[in-house]
> 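Questions regarding the structure given below will be posed in turn.
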Amino acid sequence: MIRTHYSGELSSHKGETVTIAGWVDNVKELPNFRFIVIRDRSGLMQVTVDKKKSPQEIEQSTRDLKLHDVIAVTGTVLDKQIAKIGPEVYPIMVKVLSKSVSPLPIDVTWSVETQLDTRLDWRVIDLRNPRNLAIITIEAKFMEGLEEYLRTNGFVQVSTPAILGGTSEGGSEVFKLDYFGKSAFLRQDPQLHRQLAIAGGIDKLYDLGPNWRAEASHTPRHLCEHRACAAEIGFIEDETDTERVEEAMVSHAIKKIQNDCKRELEILGKSDLHSPRIPFPELRFPEIYDILKEYGRDLPPDTDLNRESEEILARHVKEKTGSEFFFVNRFPFAAKPFYVMRVDEDPRWARSVDLIYKGLEVSSGGQRENRYDKLIAQIKEKGIDESGLEWFTKNFKYGVPPHGGFALGIERSVAQMLDIENIREVCLFPRTPERLEP
Ligand code: ATP
Ligand code: MG
């Protein structure tokens, strides 16, 4: 490897000879000195060329450096750091590894405002802005934290198929593809196969992977390809067991970010991020109608929450409990898919749970119907063709424990956590109705 140390490691290697590498972030010429600022993944550092004392080759090879040239520098880490931007290296050898054309197509420092769309056209260059790197690093830590919680609590990671023969939640939002002359679909959610894995005896499992939504929506909350951490749990008493797993998982992951991503949080001005108190508050239908009334709002019966009601309920919970998170439980069955479990005593309501974070839905789940006859009856009630789901339903004749779970959107959760307005900024290479590149 060319590099021996990242900039973030240099402070504990003072006086030693190291090789650093990265992109030229700035060059400052003074009569006797040339200061070259280099950026790597962990921050900035300065290479100080003493035009009189440094070897001739170094003065020459650094003379024409341009922004975003890629260079490696072998040198001594100065004992006394004078530079404000970071650790300082006195060069012994400089290698230019790759030249950059100048000027760059966008202003990576964001000091000149560039439209998000243009920045995404030049996503590779724009990723070099430390804020973008911080977002992606925090997102990685979030997934690591979610998985760490699940693994240490006995969940088995599974990979359910992305290509499906039938749709799980209705037609219009799925991408169709040609599968050896038959029509197939990209999954919207690994839901049904998670349930089948439970039926197969893997009774605590999770799947962290992509889902696809063919919705031509241009909201700042939707991507055509997003990732979810989807867990499924067998042998639950009821849907509140899934709430306990989800809140512990989320709070563990945020704690991990709080501990491991201090620098990234500081870059993003989010040093006050703290892991939420659990258990999260829960609101239930039909009481939700009364709460909304208090705020002068009516939600039509048998519909899902809309954006406005999510926001009002969030305000209500925040005022009453201080929590930025809360669950919504017992949605109207009419607004939910066929596989949810209804409340036997009052079947208008489903054991269906959403998690709301800062006023926006970040996950959906709840308890699933595991009783064959009820499942078939619900499919009929929803007017769905039973035969198309037989591959799924037939398994419920042969012993399936009560179970439930959730799918937590990764990009959406991180955008909420960091107060980033557009979800596209939280996705490495976002896919939207008009964007398939880069
Ligand atoms: P919404 O109503 O906000 O569009 P949904 O109810 O259709 O979401 P679910 O099917 O419940 O979404 O998916 C579970 C979670 O996955 C959502 O709560 C959200 O965090 C995330 N998610 C769903 N669709 C998208 C999308 N198009 N882009 C980004 N994240 C999504
Ligand atoms: Mg949902």
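What you are looking at is a predicted structure, and each value in this text was computed from that prediction instead of being measured. Counting starts at 1 for both ligands and their atoms, following the listed order.
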> Is there a donor-acceptor pair closer than 3.5 Å between any side-chain N or O of Gln416 and the backbone N or O of Ser413?
no
> Just going by heavy-atom distances, which of Ser364, Pro337, Cys229, Cys427 is nearest to atom 11 (O) of ligand 1?
Ser364
> In terms of atom number and element, which parts of ligand 1 are under 4.0 angstrom from non-hydrogen atoms of Ser363?
18 (O)
> Would you say Asp241's side chain and Ile236's backbone share a donor-acceptor pair under 3.5 angstrom?
no
> Should Asp189 be counted as touching ligand 1, given the test is an N or O pair under 3.5 Å?
no
> Answer with side chain, backbone, both or neither: which part of Arg221 has a heavy atom less than 4.0 angstrom from an atom of ligand 1?
backbone
> Is a side-chain N or O of Arg187 found less than 3.5 angstrom from the main chain of Thr160, in a donor-acceptor match?
yes
> Between Arg263 and Ser42, is there a donor-acceptor pair closer than 3.5 Å when you use the side chain of the first and the backbone of the second?
yes
> Can you find a non-hydrogen atom of Ala228 under 4.0 Å from ligand 1?
no
> Nearest to atom 15 (C) of ligand 1 by heavy atom, Ala214, Gly365, Ala230, Ala407: which?
Ala407
> Taking only heavy atoms of Val362 into account, list the atoms of ligand 1 that are under 4.0 Å away from them.
15 (C), 17 (C), 18 (O), 19 (C), 20 (O)
> Applying ring pair (Phe, Tyr, Trp, His ring centres under 6.0 Å), run through Phe285 and Phe331 and close with a yes or a no.
CA-CA 6 Å; Phe285 282 91; Phe331 277 87; 5.2 Å; yes
> Is it the side chain (CB and beyond), the backbone, both or neither of Arg412 that lies under 4.0 Å from ligand 1, heavy atoms counted?
side chain
> Under 2.8 Å from the Mg ion (ligand 2), can any N, O or S atom of Ser363 be found?
no
> Using atom types as modelled and distance alone, determine if a side-chain donor or acceptor of Lys141 lies under 3.5 Å from a backbone N or O of Lys256.
no
> Using modelled atom types only, decide if a donor and an acceptor are shared between the side chain of Asn153 and the backbone of Leu150 within a distance under 3.5 Å.
no
> Any atom of ligand 1 sitting under 4.0 Å from a heavy atom of Glu215?
yes
> Does Arg123 use its side chain to pair, donor to acceptor, with the backbone of Phe429 at less than 3.5 Å?
no
> Looking at non-hydrogen atoms alone, which of Arg227, Glu225, His226 comes nearest to atom 31 (C) of ligand 1?
His226
> With nothing but distance in play, are any N or O atoms of Leu408 less than 3.5 Å from an N or O of ligand 1?
no
> Can you name the N/O/S atom of Glu361 that is nearest the Mg ion (ligand 2)?
OE2
> Which is closest to atom 7 (O) of ligand 1 in terms of heavy atoms, Glu173, Arg213, His222?
Arg213
> Test side-chain hydrogen bond (donor to acceptor under 3.5 Å, both in side chains) on His252 and Glu148 and set out the steps.
CA-CA 9 Å; His252 176 84; Glu148 186 175 79; 2.7 Å; yes
> With a 4.0 Å heavy-atom cut-off (strictly under), which part of Ile423 contacts ligand 1: side chain, backbone, both or neither?
side chain
> Parallel under 30°, tilted from 30 to 60°, perpendicular over 60°: which one fits the rings of Tyr295 and His316?
perpendicular
